[in-house]
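All ligand and atom numbering here is 1-based and tracks the order in the structure.
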Amino acid sequence: METKQIGNKSVTFHRYNTVIVGSGAAGMNCAVHLYEFMSKKGLEIGAERIVVVTAGLGLGASRMSGSDKQTYYKMGTSPDVADSAEEFAKSLTAAGCCHGDSALVEATGSLREFYHLVQAGVAFPTDATGTFIGYKTDHDPYERATSAGPKTSKFMSECLQRQLERYGVRTIDEQEVAHLLTTGSGDGKRIAGVVTIDKTSVDKADYAINVYLGENIVLAAGGPGELYKTSVYPKGQLGIHGLAFRAGLTGANLTESQFGLASTKFRWNVSGTYMQAIPRIFSTDAEGKDEREFLVDFFPSMSKMATNIFLKGYQWPFDPQRIEELKSSLIDILVFNETQKGRRVFMDFLHNPVGSDSMKKFDINDLEAEAYEYLNKTGALEDTPIERLAHMNPPAIEIYKENGIDLYSEPLEIAVCAQHNNGGFAVDKWWQSNIAHTFIIGEMAGTHGVKRPGGSALNAGQTGGLRAAEYIANAYGCEPADYPPQDAYRRNKQDEIEKGLNQLVERLERYSAVHRTPFGGHLSADANQDGLVPEEVIADIQSRMTASGGHIRELEDGRRALDEAIKLYKDIQQRGFKLQDAKNIIKAIQAEHLSLTSAAYLKAVVELLERGSGSRGSHLVLAEDGIEIHPDVINKATGEPLKFKRENESLRNSILHIEYDESKAELFRCAEVELRPARRQRKAFEPAWQDYREGKIYSS
Ligand SMILES: Cc1cc2nc3c(=O)[nH]c(=O)nc-3n(C[C@H](O)[C@H](O)[C@H](O)COP(=O)(O)OP(=O)(O)OC[C@H]3O[C@@H](n4cnc5c(N)ncnc54)[C@H](O)[C@@H]3O)c2cc1C
């Protein structure tokens, strides 16, 4: 540890072999594996070479998000149904835009990582013979899913944290990432370190700046949850996409976010048994009055309507290919249509769905076969949804109770929310990014394609962490970053690091432009009256993203939104921020990089639309000559019936990459890249063993 004066700031430098950003399930797992790989190599002080830095141990999707039974997707463990890695990989790549090699790695690594979690203490259920019990999720033809209950990912990150503590690896909490320090250029470019602001120090006159230097950097800061206004991501989950773009990392498949029905008062997915219990779904006006059974006009019978509510359970994400012919995603569209009218939508677990005068009364025996057989098999044939839910999944009721909502006495408000990004940053089959020695794992890595089976995000996060750790320990070694540097080449690097830091300190000072009184602590807010207010900037970004980069997209609207997003980013560069007090420096940093994230996402949306894309994954593309859903489903912008364009399947064979380029008017440049296939050739045991012993597997 060394402290240096940079501008008028004192900056503390820490040196590690590997700096992991983010303490979610992905980051914690990578740290555990890295320690284990280092130990296997005989290194006794592995714990001193690794650090996890995080904005909040208790923050992020892993700690704070879930559903009725949050799903972990792994290769089948059924004793009588055979599964294989290739079949698993086929499910991951089925809807296109997904590399074959990383999909096969996720498949191959899935059981190893699943059992790693079991060993770490996650209580995945078994039967009396020790079989891990599976069930079916969205986009999943097998019963590969399993769950440790509504809070699977929380248990995962907690168990992994305990393991890290046993190993003695440090997690530094309350560190907001403010910058990624880069050195070199071209193939020699590196991310040399991560700059953080210690959040516990921001109300002091002189907040603390830390630099975590690493030979290797692993980014596991999760998805860009705060991008959207209507969101089920946990509050405060921001990610660091804007910072990563500025450091030169390449984005992939950013357009493929997932949206679906979730409760809004307490942010939680209403998938699985919440829908399989078949609650009544109704709307009210803004004051909660004037109840209406708004679904009834769109379905020909109670049986069809109730079966579709049931199917939303495991067909959870909004899917434009499940709208026509009265399929289950029509429900998402109708909920959205209702909220567009300024009405609120609720799930009522005390009553069965209520029909129109022309419909029969709800009768569980009238459900279509798929729904009836499931409920019959589960034995959940009780009279009311709450009884059926209590029968199938009592923890699903308890989680709401823990968060102040009693499903026995109040309806649950829902909306179509942003939930996950299948895209993120481009990585190879070792989860290494386009910058050597920088790895990207968890939701920040863009390894999923247009669709993914429910639960595969958690598996990808674990497998990616394993791969990054294995590569770091075996291909890059375990030495800490060299600082202060010993030779001329490295002294150059030091100059670059200090230059980067000087620029950052200058920027932070200029952005805040608040004057300190000589006796410390107090800030006068009169210095930058022209500056922007960080909270207003974030609210502006969120409204724009939900309206124009959400689950309904249209080219002209996207272009307008992109122009606004770029203008906002440039405004921030010119005008800086007006801070009410010192603590707001964190919000200012967040607002700035979130604004670049938003420009990147919108640029990708527009680019894909310009390439002739249609509705796919979890978003609908509007087109005047498209397919009308129903005369009463209205495009709010035009007042006309909403019409959508079908998927352009020719785009399934490539992935849209995006890179920050300051010289471009739109700040980013895009390129289509071909899909990498999975390698089919298999070597015999002896030559493969030799490759392994000689470390050739890290270069082939
Ligand atoms: C409601 C909901 C339900 C879900 N259900 C499922 C499911 O059933 N199955 C499934 O597979 N996936 C599911 N997902 C997705 C899955 O939970 C996430 O993709 C996964 O948990 C992400 O893990 P992670 O470790 O990559 O990131 P996170 O768990 O989000 O962790 C991010 C970490 O980075 C830190 N961080 C963030 N920003 C910064 C910053 N600026 N500076 C410093 N640190 C920062 C955070 O503090 C946190 O420690 C669900 C997601 C949601 C929102």
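Contact annotation: the side chain of V232 never approaches that of F259 to less than 4.5 Å [non-hydrogen atoms, C-beta and beyond]. A heavy-atom distance below 4.5 Å is found between the side chains of Q419 and N269.
With a 4.0 Å heavy-atom cut-off, ligand 1 is reached by no atom of S157. Contact annotation: for Q70 versus ligand 1, heavy atoms closer than 4.0 Å belong to both the backbone and the side chain. Of the heavy atoms in A55, both backbone and side-chain atoms come closer than 4.0 Å to ligand 1. Under 4.0 angstrom from ligand 1, the non-hydrogen atoms of I240 all belong to its side chain. With a 4.0 Å heavy-atom cut-off, ligand 1 is reached by no atom of R63.
Nearest-residue assignment for atom 47 (O) of ligand 1 (options G464, G56, S147, C30; heavy-atom criterion): G56. Proximity annotation for atom 46 (C) of ligand 1: of V194, T54, N29, T54 comes nearest, heavy atoms only.
Counting protein heavy atoms only, atom 41 (N) of ligand 1 is closest to E176 OE2, 3.1 Å. Protein heavy atom closest to atom 53 (C) of ligand 1, with residue, atom name and distance, is S65 OG, 3.3 Å. Looking only at protein heavy atoms, the nearest one to atom 16 (C) of ligand 1 is L458 CD2, 4.0 Å. For atom 51 (C) of ligand 1, the nearest protein heavy atom (residue, atom name, distance) is Q419 NE2, 3.6 Å. Nearest protein heavy-atom contact of atom 37 (C) of ligand 1 is A221 O, 3.2 Å. When hydrogens are left out, the protein atom nearest atom 31 (O) of ligand 1 is G24 CA, 3.6 Å; that is the closest non-hydrogen contact. The protein heavy-atom contact nearest to atom 12 (N) of ligand 1 is A457 CB, 3.6 Å.
Residue S62 has at least one heavy-atom neighbour below 4.0 Å for each of these atoms of ligand 1: 20 (C), 21 (O), 22 (C), 23 (O), 24 (P), 25 (O), 28 (P), 29 (O). Near G239, meaning under 4.0 Å from one of its heavy atoms, ligand 1 places the atoms 37 (C), 38 (N), 41 (N). Taking every heavy atom of Q175 and a limit of under 4.0 angstrom, the matching atoms of ligand 1 come to 42 (N), 43 (C). Each of the following atoms of ligand 1 lies closer than 4.0 Å to a heavy atom of H420: 15 (C), 19 (O). The distance from ligand 1 to the heavy atoms of S23 drops below 4.0 Å at these ligand atoms: 33 (C), 48 (C), 49 (O). Each of the atoms 32 (C), 33 (C), 34 (O) of ligand 1 lies under 4.0 Å from some heavy atom of A220. Atom numbering of ligand 1 starts at 1 in the shown order; those under 4.0 Å from a heavy atom of A26 are 25 (O), 26 (O). Close approach of ligand 1 to G222 (heavy-atom distance below 4.0 Å) involves ligand atoms 26 (O), 27 (O), 30 (O), 32 (C).
Of the N or O atoms in V177, one or more lie within a sub-3.5 Å distance of an N or O in ligand 1. For ligand 1, one of its N or O atoms has an N or O atom of E443 under 3.5 Å away. In terms of polar-atom proximity, defined here as any N/O pair under 3.5 Å, T71 does make such a contact with ligand 1. For the pair V232 and ligand 1, the shortest N or O to N or O distance does not fall below 3.5 Å. Considering both main-chain and side-chain atoms, A61 comes within under 3.5 Å of ligand 1 through a nitrogen or oxygen pair. Considering backbone and side-chain atoms alike, I441 places every N or O at 3.5 Å or more from each N or O of ligand 1. For ligand 1, the polar-atom distance check against N269 finds no nitrogen or oxygen pair separated by under 3.5 Å. Ligand 1 has no N or O atom lying under 3.5 Å from any N or O atom of G66, backbone or side chain.
Salt bridge present: R616 and E256 bring a charged side-chain N and a carboxylate O closer than 4.0 Å. Ion pairing between D332 and K312 holds under the 4.0 Å rule for side-chain N and carboxylate O. A salt bridge links R507 with E592: the distance from a Lys NZ or Arg NE/NH1/NH2 to an Asp or Glu carboxylate oxygen falls below 4.0 Å. Salt bridge annotation for E398-K401: absent, with no cationic side-chain nitrogen under 4.0 angstrom from a carboxylate oxygen.
The six-membered or imidazole ring of Y212 lies away from that of F13, with a centre-to-centre distance of 6.0 Å or more. Ring centroids of F425 and H241 are separated by less than 6.0 Å, placing the two rings close together. When ring centroids are compared, F114 and F124 come within the 6.0 Å threshold.
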Worked check of side chain to side chain contact (heavy atoms under 4.5 Å, CB included) between I209 and V195:
CA-CA 7 Å; I209 300 185; V195 187; 3.5 Å; yes
L34/V218 under side chain to side chain contact (heavy atoms under 4.5 Å, CB included): CA gap, chis, key distance, verdict:
CA-CA 11 Å; L34 189 53; V218 179; 5.9 Å; no
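The aromatic rings of H116 and H33 lie parallel to each other, with less than 30° between the two planes, well short of the 60° mark. Using bins of under 30°, 30° to 60° and over 60° for the plane-to-plane angle, the ring pair F336/H551 lands in the perpendicular bin.
Ligand 1 lies within reach of A25, whose nearest heavy atom is under 4.0 Å from it.
E226 and Q237 form no side-chain donor-acceptor contact under 3.5 Å, judged by distance and modelled atom types alone. Y660 and R246 share no donor-acceptor pair across their side chains, judged by distance under 3.5 Å alone.
The two residues A85 and A107 make their nearest non-hydrogen contact at O-CB, 3.3 Å.
T196 OG1 to H14 NE2: the interatomic distance, rounded to the nearest 0.5 Å, is 7.0 Å.
Counting only distance, with no hydrogens or angles, the side chain of S147 and the backbone of T71 share no donor-acceptor pair below 3.5 Å.
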